[in-house]
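The structure under discussion appears below in the form of structure tokens.
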Amino acid sequence: MLSVFNLVLPFFGLIFLGFFVARINRQPLEALGWMNTFIVYVALPAMFFQILSRTPVSELTQWGFIIGCTASTFCIFAIMFLIGMVRTRRIDESTIQGLAAAYGNIGYMGPPLAILAFGAPAAVPVALIFCFDNIFHFVMSPLMMAISGNDKRSKSELMVGVLKKIFFHPFIIATILGIGAAVAGLTPPLAMTRMIDLLAAAAAPCALFAMGATLALRPLKRVPKELYLIVPLKLLVQPFMIYAMLNLTGDFPPVWIHTAMLMAALPTATNVFVIAQQYGVWVERASSSILATTLFSILTLTLWLYAMTNGLIP
């Protein structure tokens, strides 16, 4: 158990360090603008390119794994969405609730934690989950908001907007370039490789610190009733569901299954707040969901990692 604590605590330590510094320094939320720009447009894309460009091409076409992971994400989204519809009869609010239960922090927390926990073999499943889960969320959010009437764009504008989010997102661009480099067998010049390595090393600490600061500057103002469902769905049910799905869709190495479960067990992504704010729906409660799942995940992630690293989950 001590080894698991030594693995998990530095990650949450960086989050709480960001939280603590933000509380003391009292800078406005906008002060994080350039740091978030560095993380999203430079550091994390460099990390994804670094991972994928060094990956054997044969490992990037595991469609059974992709289908199993994406299907489990959809199922969790659908469960919470339907519960939300029964409670509120509002498609837009139910969509944000569904995202809060299904959309984990697969960009900031997932890659560094999975690779540190399971080593280099975790890089490929991390990249596949990140790519296809984000495509799912980029499509689902505007589609459901358009159905609800909250998104007033025409069908053509909506489609163009979805395609732009998918193909112009820095993470997706880095993924495409990384896969292209792996297929072509290209290696960047030594100076560029060293710069990419430096940027990739900065991704995790900067992202986790910024996440903590963001949580501090968005205090818990409203605790939604749905939180009692979102927290267990996100942190407990989704990892079990992805385990079941992957055992149905193929025969994958344990490290792939454990990586997928770890990614599924991550707390709600801060992007859920961004989407809620964009459409003006469930904004404060989305922020509460992120904070609550992050706090509870300290316990649940520790238990999941202990179970995986001690052979309790085959």
Side-chain angles (χ1 to χ4, degrees), residues 66-110 129-153 158 161-162 165-166 169 218 220 222-245 260-261 263-297 300:
I66 293 165
I67 291 168
C69 292
T70 308
S72 67
T73 300
F74 175 77
C75 287
I76 294 296
F77 172 85
I79 289 168
M80 194 63 223
F81 175 82
L82 291 173
I83 293 171
M85 285 296 293
V86 170
R87 286 170 171 263
T88 66
R89 306 289 180 184
R90 290 190 56 177
I91 294 175
D92 51 1
E93 282 195 8
S94 300
T95 297
I96 302 300
Q97 292 173 31
L99 291 174
Y103 194 177
N105 203 324
I106 54 177
Y108 278 20
M109 291 182 68
I129 291 168
F130 173 83
C131 189
F132 286 92
D133 266 23
N134 268 321
I135 289 172
F136 169 78
H137 294 116
F138 290 160
V139 171
M140 189 60 68
S141 303
L143 175 63
M144 298 305 292
M145 290 302 176
I147 293 171
S148 74
N150 202 316
D151 195 321
K152 306 299 182 184
R153 292 176 292 177
L158 184 66
V162 169
K165 280 189 175 181
I166 293 173
H169 192 287
R218 291 182 190 143
L220 186 65
R222 186 174 182 180
V223 179
K225 294 178 181 178
E226 296 82 1
L227 208 58
Y228 302 104
L229 292 170
I230 289 171
V231 170
L233 276 173
K234 182 73 207 69
L235 303 180
L236 298 174
V237 178
Q238 191 172 6
F240 276 120
M241 185 171 288
I242 209 165
Y243 179 83
M245 286 283 188
M261 292 181 69
M263 295 285 277
L266 294 170
T268 303
T270 52
N271 277 355
V272 174
F273 174 82
V274 174
I275 295 167
Q277 198 169 44
Q278 178 184 350
Y279 293 104
V281 176
W282 222 65
V283 178
E284 287 186 359
R285 287 171 287 182
S287 179
S288 300
S289 299
I290 295 164
L291 180 58
T293 54
T294 301
L295 290 173
F296 279 104
S297 70
T300 56

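Hydrogens, waters and symmetry mates are skipped; everything else that's a heavy atom, side chains included, is used. Throughout, residue positions are numbered sequentially from 1 according to the sequence presented.
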List the residues meeting side-chain contact (heavy atoms from CB on, under 4.5 Å) with [X], not counting sequence neighbours, and say none if there are none.
| X | value |
| --- | --- |
| L143 | I147 |
| A276 | I96, V283, A286 |
| L295 | F16, L291 |

Are the side chain of S94 and the backbone N or O of I91 linked by a donor-acceptor pair below 3.5 Å?
-> no
If every non-hydrogen atom of [X] is compared with every non-hydrogen atom of [Y], which pair is closest and at what distance?
| X | Y | result |
| --- | --- | --- |
| A101 | I76 | O-CG2, 3.2 Å |
| S72 | I242 | OG-CG1, 3.3 Å |
| F273 | I290 | CB-CD1, 3.6 Å |
| M80 | G98 | CB-CA, 3.8 Å |

To the closest 0.5 Å, what do you measure between [atom1] ([X]) and [atom2] ([Y])?
| X | Y | atom1 | atom2 | answer |
| --- | --- | --- | --- | --- |
| L229 | Q97 | CG | CD | 9.0 Å |
| M263 | C69 | CE | SG | 9.0 Å |
| E284 | Q277 | CD | CD | 11.0 Å |
| K225 | I230 | NZ | CD1 | 14.0 Å |

Pairing residues for T293 by the side-chain hydrogen bond (donor to acceptor under 3.5 Å, both in side chains) criterion, not counting sequence neighbours = T268
Mind checking side-chain hydrogen bond (donor to acceptor under 3.5 Å, both in side chains) for Y243 and listing every partner two or more places apart, or none if nothing turns up?
->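 Result, side-chain hydrogen bond (donor to acceptor under 3.5 Å, both in side chains) vs Y243: none returned.
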Find out whether W282 and S289 are in side-chain contact, i.e. whether some heavy atom of one side chain is under 4.5 Å from a heavy atom of the other.
->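 Contact flag for W282/S289 side chains = yes.
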Compare all side-chain heavy atoms of I83 with those of I79 and state whether any distance is below 4.5 angstrom.
->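 Yes, close enough: below the 4.5 Å cut-off.
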Between side-chain atoms of residues 231-241 and protein atoms elsewhere (two or more places apart, or another chain), which donor-acceptor pairs fall under 3.5 Å?
{"residue": "K234", "atom": "NZ", "partner": "Q238", "partner atom": "OE1", "Å": "2.9"}
{"residue": "K234", "atom": "NZ", "partner": "A264", "partner atom": "O", "Å": "2.5"}
{"residue": "K234", "atom": "NZ", "partner": "L266", "partner atom": "O", "Å": "2.9"}
{"residue": "Q238", "atom": "NE2", "partner": "A102", "partner atom": "O", "Å": "3.4"}

Report the C-alpha distance between T95 and F77 in whole Å, list the side-chain angles of each, state the deciding distance to 0.1 Å, and finish with yes or no for side-chain contact (heavy atoms from CB on, under 4.5 Å).
-> CA-CA 8 Å; T95 297; F77 172 85; 4.3 Å; yes
Identify every side-chain donor-acceptor pair in residues 132-142 under 3.5 Å, counting partners at least two apart or on other chains, and give the distances.
{"residue": "D133", "atom": "OD1", "partner": "T73", "partner atom": "OG1", "Å": "3.4"}
{"residue": "D133", "atom": "OD2", "partner": "T73", "partner atom": "OG1", "Å": "3.2"}
{"residue": "N134", "atom": "OD1", "partner": "Y103", "partner atom": "OH", "Å": "2.5"}
{"residue": "N134", "atom": "ND2", "partner": "F130", "partner atom": "O", "Å": "3.2"}
{"residue": "H137", "atom": "ND1", "partner": "D133", "partner atom": "O", "Å": "2.8"}
{"residue": "S141", "atom": "OG", "partner": "H137", "partner atom": "O", "Å": "2.9"}

Under the salt bridge (Lys or Arg N to Asp or Glu O under 4.0 Å) rule, what pairs show up with a residue in residues 84-103, not counting sequence neighbours?
->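 Of all non-adjacent pairs touching residues 84-103, those that pass salt bridge (Lys or Arg N to Asp or Glu O under 4.0 Å) are R90-D92, R90-E93, E93-R285.
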